[in-house]
2 protein chains.
Amino acid sequence: MSTKKVTVKDIARQAGLSIGTVDRVMHNRSGVAEESRRKVMEAMEELGYTLNTNASLLANKKHYHICCLLPSFGSGEYWELVDKAIESAEKDAVSYNISIDTLTYDQFSREDFVAAIEKLKANLPQAVIIAPIYRDETIELSRYLKEKGIPLVFIDSKVSEADYLAYYGIPMWESGYLAASLLLGDEPPQSIVNFRIERGGGIADNPTLARRHGFTDYVASNLPELRIYNEFLRPYDKAHNFALMDKFFGEHPDIRHIVTFNSRVHLIADYIRERGIKGLRLVGFDILDQNIEAVRSGVVKYLIVQRTQVQLRRGVNALAEWLAFGTTPPLRDNFMPMDILIKENINFYSEMYKDH
Amino acid sequence: MSTKKVTVKDIARQAGLSIGTVDRVMHNRSGVAEESRRKVMEAMEELGYTLNTNASLLANKKHYHICCLLPSFGSGEYWELVDKAIESAEKDAVSYNISIDTLTYDQFSREDFVAAIEKLKANLPQAVIIAPIYRDETIELSRYLKEKGIPLVFIDSKVSEADYLAYYGIPMWESGYLAASLLLGDEPPQSIVNFRIERGGGIADNPTLARRHGFTDYVASNLPELRIYNEFLRPYDKAHNFALMDKFFGEHPDIRHIVTFNSRVHLIADYIRERGIKGLRLVGFDILDQNIEAVRSGVVKYLIVQRTQVQLRRGVNALAEWLAFGTTPPLRDNFMPMDILIKENINFYSEMYKDH
DNA sequence: TCTTATTTCGTGTACGTACACGAAGATTTC
DNA sequence: GAAATCTTCGTGTACGTACACGAAATAAGA
């Protein structure tokens, strides 16, 4: 087995043609006779040509622009993690001559989502990454992009009916099912409470809906007698939340199992800590700093977490390869692991997020 | 902020010198006046130079050779996972002109380890990756390599007293502690059993020792009354193992909690399945195919798993950057996450291992 | 037949870095 | 003070690919 790498020059010699012709064949450009094209293809096959990505990227003078659309966020919130992951992924993409711009929208306002899409269109990006919340508008956007030949990658959640290059994220339904098995698997209680977030306007296509379905499906098939209470918190109204929880737990002192499907389990953890309540079993999602603290202190028993960094790295990478080499990712739907964090393994998990 | 990238040519112009001189400064080569060196450094600082890795790698005609030393393995065994991870990491390293050779040794024979080290030395590699089992011999090897200027990376476990460039693996002690909390955290039993592997020769410096210490330390501080039985299985002697377990469970029908610290929990899972025993709680390590099956079927409750692929990718990457650019990894000891797998999240975990 | 399109292909340059070679200049030696 | 040595630096070429430009070769039009 020869250790030397096969280059276009070798292909050209083998095919009895010039480098230029080989190059044209490789890039599916016009101006090459069918006979020559065949010769080149055969030579490539025979010699086992592989592209030298370093040389290719070096010679490629184009500059690509990716536009990323996701919900706006405050400090310490879930979407900030995603934003950081984008920055991290952008670093890996510099060798592709790629830069990434992020646009945000108010996730509670459909109008704002539409406005953000218009901004995105005005930006004329070569590729788009989107964390979708609104189904119909996302489908329409995907049609627009398809028409323009602009590739679209979904992260975090996807809209199956849309036209997209790839999706990287956890399986939503299964993540709810997992939460149920962690919360209810050992000693099933009689009733539990699900703390949700108050949303303005009837947003039926919220991704955490699928997660709740996974949870309730587990309950339906394993614990049909279980009673699930639903209570609604407000993201930024601590007084309201505390009053609500005081009332709830006052009326239901027997309830010891709590679940949230959004990333704000720390709202409840804070309450439990301040009130000094013991013996509750709490399951939540996403690796926010405040959630990490809640796990460390033992208030939250299980935290279900997705690998945001990996998802974005792979999403950006899929677009980079598409832009630079025209290659399509092997899988369209990439369901990524759901990690279970408890007090004893959370430290080494969060440490990893510091560099890679 | 100028979007153009700064090149050596820009540095040369700014410093009033030639590209050659700039190049010499960058590679710490001789033949440049102190005055000029200073000018170049200043220009680099001022313009914010960053190396174009594509161009650098393309121009670098050297070919590097990494030698990887790890225990020999049969099909479906733990070290086969590591071997596969090496192959996967090698693919990422082709752009660095790096190839990897793997040497294996009988992990139960110190002599064979020494012999493998001699073979490694004869190979004259530019870098070494090792999964160490024998402490003293590893330290000696690290001295030899240090003297030759050959970098050494530990994976899987490390020998702290050795001289090494970096380590990528899980924290062994903590992984045992985690196992204890998963097995014993909810309803502590009176006694449990730890199935171990019979080893020839008194190998005290086996890495799983630290794992067992983590487990027993948890027990000592949380459940000092707990009785731990130790039983010894043989890797390839099913009849012996079954007889042993028949005898053990016959004499101790009350024991329902089982732990293993090696990767062979499937030996016990097979027994449990064949005997049709119910109600046991089993915790094991490592994502072997047979272990995955044991989790799926519900026999093994928790499987603690490390990200072998990531560990090797990062290990190889650290060496690649050292060889090609002379850069040292930011952290020497990289403790990587311990993942907890149960029936409800193992599918999407193992799926990930197919491509990336 | 000569010009004008059209197809097909080869040559040359660029990308940014690495390094060999050799030319100036500075320093030493006798 | 000339030759020899050493220090310091600039030039040139190579890495493998991308693409513009223009040259042949062929076909079409008059």
Side-chain angles (χ1 to χ4, degrees), chain A residues 3-41 43-44 47-64 94-98 321 323-327, chain B residues 3-41 43-44 47-64 94-98 321 323-327:
Chain A
T3 150
K4 302 216 167 209
K5 287 220 196 83
V6 179
T7 74
V8 281
K9 204 188 282 180
D10 299 321
I11 303 294
R13 191 169 346 101
Q14 173 88 359
L17 291 161
S18 80
I19 295 180
T21 305
V22 174
D23 183 71
R24 273 180 285 266
V25 172
M26 286 180 169
H27 294 82
N28 288 318
R29 256 177 282 155
S30 63
V32 36
E34 195 47 49
E35 167 83 8
S36 305
R37 160 165 265 106
R38 193 183 48 71
K39 276 191 201 160
V40 170
M41 302 284 270
M44 281 175 54
L47 300 184
Y49 173 80
T50 55
L51 177 70
N52 182 324
T53 57
N54 289 318
S56 177
L57 256 16
L58 175 62
N60 186 2
K61 286 158 231 161
K62 293 198 204 75
H63 189 271
Y64 304 107
V94 288
S95 59
Y96 288 85
N97 275 339
I98 284 177
E321 303 248 313
L323 291 170
F325 308 129
T327 51
Chain B
T3 149
K4 303 216 167 211
K5 287 221 196 82
V6 179
T7 74
V8 281
K9 203 189 284 180
D10 298 322
I11 304 294
R13 191 170 344 103
Q14 173 89 357
L17 291 161
S18 80
I19 295 179
T21 306
V22 174
D23 183 71
R24 274 180 285 265
V25 172
M26 287 181 168
H27 294 82
N28 289 318
R29 256 176 282 155
S30 63
V32 37
E34 195 47 50
E35 168 82 7
S36 305
R37 161 165 264 105
R38 193 184 48 71
K39 275 192 202 160
V40 170
M41 302 285 270
M44 280 175 53
L47 299 184
Y49 174 79
T50 55
L51 177 69
N52 182 323
T53 56
N54 289 319
S56 177
L57 256 17
L58 176 61
N60 187 0
K61 286 158 233 162
K62 292 197 204 78
H63 189 270
Y64 304 107
V94 287
S95 60
Y96 288 86
N97 274 342
I98 284 177
E321 303 250 313
L323 291 170
F325 309 129
T327 51

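Each chain gets a letter, A, B and so on, in the order the sequences are listed, and its residues count up from 1.
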N/O (side chain, A/R29) to phosphate O (OP1/OP2, D/dC19) under 4.0 Å: yes

Rounded distance (Å) that lies between atom C1' of D/dT17 and atom CD1 of A/I11: 13 Å

B/L323/B/Y96 under side-chain contact (heavy atoms from CB on, under 4.5 Å): CA gap, chis, key distance, verdict: CA-CA 9 Å; B/L323 291 170; B/Y96 288 86; over 6 Å; no

Nucleotide D/dG16, atom C1' - distance to CG of B/N97 in whole Å: 12 Å

Spacing of A/H63 atom NE2 relative to D/dA18 atom P, expressed in whole Å: 18 Å

Nearest listed nucleotide, side chain of A/L58, among D/dC9, D/dA18, C/dG16: C/dG16

Distance-minimising heavy-atom pair for A/A324 and A/Y64: CA-OH, 4.1 Å

Residue mapping more 5' on DNA chain D - nearest nucleotide basis, B/N60 or B/R37: B/R37

Atom pair distance, as rounded to whole Å: CD1 in A/I19 and P in C/dT13: 14 Å

Rounded distance in Å - NE2 (A/H27) to C1' (D/dG16): 12 Å

Below 4.0 Å: OP1/OP2 of C/dT7 and any side-chain N or O of A/S30: no

Sugar-phosphate only, base, or nothing, as touched by A/L57 at under 4.0 Å among non-hydrogen atoms: nothing

Any B/S18 side-chain nitrogen or oxygen under 4.0 Å from OP1 or OP2 of D/dG10: yes

Pairwise side-chain contact, B/I11 with B/L47, heavy-atom cut-off 4.5 Å (strictly under): yes

Nearest atoms (heavy-atom pairs only) where A/N54 meets A/N52: N-OD1, 3.0 Å

Below 4.0 Å: OP1/OP2 of C/dC9 and any side-chain N or O of A/S36: yes

Nearest-nucleotide 5' precedence on DNA chain D, B/T21 against A/Y49: B/T21

Comparing B/L51 and B/R24 on DNA chain C - which has the more 5′ nearest nucleotide: B/L51

Whole-Å gap separating P (D/dC19) and CE (A/M26): 13 Å

Protein-nucleotide distance (B/E34, atom CD; D/dC9, atom P), rounded to Å: 10 Å

Nearest-neighbour nucleotide for the A/K62 side chain, D/dC19, D/dA20, C/dA18 considered: D/dC19

Carboxylate-amine/guanidinium contact A/R29 A/D23, below 4.0 Å: yes

Phosphate contact (C/dA18 OP1 or OP2) by B/S56 side-chain N/O below 4.0 Å: yes

Whole-Å gap separating P (D/dG16) and CG (A/D10): 9 Å

Sugar-phosphate, base or nothing in reach of A/D23, heavy atoms under 4.0 Å: base

Of the listed nucleotides C/dA18, D/dT8, D/dG16, the one nearest the side chain of B/A33: D/dT8

Closest contact, heavy atoms only, B/R24 versus B/S30: CD-O, 3.7 Å

